[in-house]
Number of protein chains: 4
Amino acid sequence: MTVKLAVIYYSSTGTNYQLAQWAEKGGKEAGAEVKVLKVPELAPQSAIEQNPAWKAHVKATKDVPEVSLDDLEWADAIIFSVPTRFGNMPAQMKQFLDQTGGLWYHGKLINKVVSAMSSAQNLHGGQEATILSLYTTMHHWGALIASPGYTDPVLFTTGGNPYGTSVTVDQDGKMQENVEPAVMHQVKRTIDIAKKIKS
Amino acid sequence: MTVKLAVIYYSSTGTNYQLAQWAEKGGKEAGAEVKVLKVPELAPQSAIEQNPAWKAHVKATKDVPEVSLDDLEWADAIIFSVPTRFGNMPAQMKQFLDQTGGLWYHGKLINKVVSAMSSAQNLHGGQEATILSLYTTMHHWGALIASPGYTDPVLFTTGGNPYGTSVTVDQDGKMQENVEPAVMHQVKRTIDIAKKIKS
Amino acid sequence: MTVKLAVIYYSSTGTNYQLAQWAEKGGKEAGAEVKVLKVPELAPQSAIEQNPAWKAHVKATKDVPEVSLDDLEWADAIIFSVPTRFGNMPAQMKQFLDQTGGLWYHGKLINKVVSAMSSAQNLHGGQEATILSLYTTMHHWGALIASPGYTDPVLFTTGGNPYGTSVTVDQDGKMQENVEPAVMHQVKRTIDIAKKIKS
Amino acid sequence: MTVKLAVIYYSSTGTNYQLAQWAEKGGKEAGAEVKVLKVPELAPQSAIEQNPAWKAHVKATKDVPEVSLDDLEWADAIIFSVPTRFGNMPAQMKQFLDQTGGLWYHGKLINKVVSAMSSAQNLHGGQEATILSLYTTMHHWGALIASPGYTDPVLFTTGGNPYGTSVTVDQDGKMQENVEPAVMHQVKRTIDIAKKIKS
C-alpha cells in the first residue's frame, strides 16, 4: 500500500523550500507518493518587492502548487516545514490551518500521521517552540504525532531537535548545519508509521 | 503618570470584542488612556457573508479602528484578546504580530507590559494553550508578561485560568461564565505593573 | 495480537487513581492486557499524615504496584494520568520519567503509543498545560502521541480537551464532570493505534 | 532600595552551577543582594556514586545552601537555572516548586520578577522547551516574567535564546558557547525590572 505524503511548507527566501525538497526526496526513496505544496502568501506584493531574496524565491517557486483542503484529505502523512516567526509558525501557515474547520468537523483529519520542521536565524530562535506550536494544533485535529525524537543516531549529529528537524540560517540565508540526513530520517519515520496506520 | 493601554483583539462573532470592551472599561477605571483596536480581517468577504453572526459583527464594529504599528509604540501596556483556533491564536492576530519585525529590530517593543485573554467553544478547547502561544511571542519581543495568576480571589470564581481570563461560549455565541470581574482584575493588574515600569 | 497497556498515574487523594481505573476498564474492554501502576511518592510521610484524604488514599492504594522501568519496556501503549501542579506534571511523575535515561539511550521507548489525562481544582487550572508538558517529554522518547483530539462525539459532552481527558475537582475532591465516557474513548483509541503500530 | 535576588539552580555535574555563579556575579555588579541556592537532590546516593562527575560536583557544592521557602519570600527577583530532562525541568526543581503551595495560597509569590536559564547536550535538546515549562509554573504564581528576549545586542552572539540564556554542553560537560555575557545581561535586566516593581 503506497503512503500518500503531503509536504506543506511556507518559505519566504528558500530555507523551508529546501527542507521540503529534501523531504520530497526522502519520501520518494521510502516509496511514498509525494506532493510538495506551498501555503498561500499573505504579504502584500509591495513588501515582497522590497526584499530581493524574497522576490527571487517567489518567482523561483511560482510553479509549486498551492496546498488545498483536498490535499489534506488525500494525504496519509504530512510533513510541515516553517520558519519561526517569534517562536510560533508564520501567519501564512496558521491561516491555512485555520481554514480546516470543515474537514475537522467531518472528522477528515483524524489519524493523519504528522511531523514538522523549522528554521530560525538564531541558534535558539524558536526552533523548538515553533514546532511545538504546530503540534498543539495537530492534537485538535486528532492527528498522530510522529516526531523524530532520538530515533536514529544521525539525529545527534544534526542538532538533535527531538520535536523535528530544525536548521539555523545566517543573515544571507545560508544554512549553518547539514540537516539533510535528519530530514531524510524524519520523513522515512513518518512514512513508516503512516504505513502501519493505513494497513 | 498616565498609562497608555492598547486592547488589541480579534473577534469574528463578538465574544472577544466584548472582552475587549470590558478591558476598556477596566482600563479607564484604573486611570489609563485606552485604545480598543481590532486586527485586520484575513477572511474573504464571501466567507463572512455566509455566516450571519460574523457578518453582523463585522458591520457592528466597522468603526473600531484597526491596530497599527504606531499603536504598539504608543502603548505602555497591551491586553490581547483572541478566540482559539486549534489551540493557538487566529491567523489574523499572528499576521499582525508577524509584521512587528521592524519595531522589534529597533527595540521598540521592549518592556511593554502584556497579558492576554481567550475564548473557546469547548470547556477545555484551547483556553490555556492559546494564551500560552501568545506569550511565547511576547518573550521574543522582550515584553514583560503580567498574567493574572491567582492574584485576586475573584479569579477563583471565574474559571481560574492563571494565564489570562478565558471564557467558554456555546454554539450561539453565549458566554457560559461571567468573566467580567476577572477581566476587570486582569486589566487593573496589567496597568498597575505598567505604571511601575514606566515610573 | 494483544496490546499491552500500562496505565501510569500519580494521585494524592484519588482523582487520578479513579481515572486510571476507568482506563483499566476501557483497556480490558478493548482486549488489552492492562497494568495499573503508580509512580513512587516523594512527599515525606509527615506531610501525608497531615492530610486525612491523602493519608486515606495512600492506605487504600498500598497494594497497587509501583511502576518499574521494566513496565515501560513491556508496554506497547501507555496512558499517563496526573493532577496538575502549577501547570505541569507533579514532581513524582517527573522523577519517574527522569529515570528513563537508560531505556531512552538504548532506544527502548521508541514508538510507544501514548496519551495522557489530567485534573485540576480550577476549571482552567492547568488541565491543558499539564498534558502538553507530558507530551513534550514524549517527543524526546520518540513515542507516538495519540491524543484524543475530537475523534468521537462523546468528547464534546465531557469538556472537549483535545490533548487528553481532564476533569475538574472541587475542594472535597468531587469530580465536577462525568468524564468516564471520555476516558473510555481515549483508551480505546490509544489501543487501536497501538494495535496497528504493533502489527 | 536594594533588590534581593535568589539564584535557584539544580546541577548534577556543574553546568548550571556555573551559570548560577555568573548570575551571582552579575547580580552583585548590578547592586543586588544575592543568594545562590541549590534545590535538594532526589537521586539516591548510589546513583550519584556511579557517576564520577556527579559525585565530584555534589562534593564540591556541599556548602552551597539548600533553598528554603523562606528564601522565596525574601526574594524580589529569582533566576532559575536547570538542565533539561526530556524538554522539561528536572524533577528536583519541580519537587521544590511543588512545595510552594502554602506560599502560593497566601499570595506570597505574587510579583516576584523571574527569568530562567537552561542547558542541554544537544544543540536543540530542550533549551527552549525547558525554560518555557518553568514559565508556565510562574504564571500560576502570579510572577512577572522578564525573559531576556532580544533586549541587548550581546544576545545575538550567544545563541539568542529569547526565553532565557541557554548553553550546550558536550559529553564531557564542556560548554560549547561562551554565554557568560548573556547571563550577565539577563541578570541585570531581571534586577532592573525588580527595582521598578519594588519601588
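Just so we're clear, the structure is a prediction, and the values are computed from it rather than from any experiment. Order of the sequence lines sets the chain letters (A, B, ...), proteins ahead of strands, with each chain counted from 1.
Within residues 122-147 of chain B, the residues that have a heavy atom under 4.5 Å from a heavy atom of chain C are B:Asn122, B:Leu123, B:His124, B:Gly125, B:Gly126, B:Gln127, B:Glu128, B:Ala129, B:Leu132, listed by number. For residues 16-39 of chain B, a heavy-atom distance under 4.5 Å to chain C picks out no residue at all.
Counting heavy-atom pairs closer than 4.5 Å to chain B, the top-ranked of the candidates C:Tyr163, C:Tyr150, C:Phe86 is C:Tyr150.
Take C:Ser68 and apply the side-chain hydrogen bond (donor to acceptor under 3.5 Å, both in side chains) test, not counting sequence neighbours, and it matches C:Asp71. Residues that satisfy the salt bridge (Lys or Arg N to Asp or Glu O under 4.0 Å) test with B:Asp152, not counting sequence neighbours, are absent from this structure.
No donor-acceptor pair closer than 3.5 Å links the side chain of B:Asn161 to the backbone N or O of B:Thr165. Between the side chain of B:Glu41 and the backbone N or O of B:Ala43 there is at least one donor-acceptor pair closer than 3.5 Å. Side chain of C:Gln176 to backbone of C:Lys174: a donor-acceptor contact under 3.5 angstrom is found.
Taking the centre of each ring, C:Tyr9 and C:Phe80 stay at or above the 6.0 Å mark.
The only option from C:Lys4, C:Lys112, C:Lys198 that meets the salt bridge (charged side-chain N to carboxylate O under 4.0 Å, His left out) definition with C:Asp76 turns out to be C:Lys198.
Shortest non-hydrogen contact noted between B:Leu103 and B:Leu69 is CD1-O, 3.6 Å.
Within the 4.5 Å cutoff, side-chain heavy atoms of C:Lys188 are placed close to those of C:Asp192.
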**Worked verdict on C:Ser115 versus C:Thr190 for side chain to side chain donor-acceptor pair (under 3.5 Å)** = CA-CA 7 Å; C:Ser115 68; C:Thr190 302; 2.9 Å; yes

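A salt bridge links B:Asp98 with B:Lys94: at least one charged nitrogen is closer than 4.0 Å to a carboxylate oxygen.
Only the side chain of B:Thr168 comes within contact range of chain C, with at least one heavy atom under 4.5 Å from a heavy atom of that chain. Interface remark: B:Gln121 contributes no atoms to any contact with chain C (heavy atom separation under 4.5 Å).
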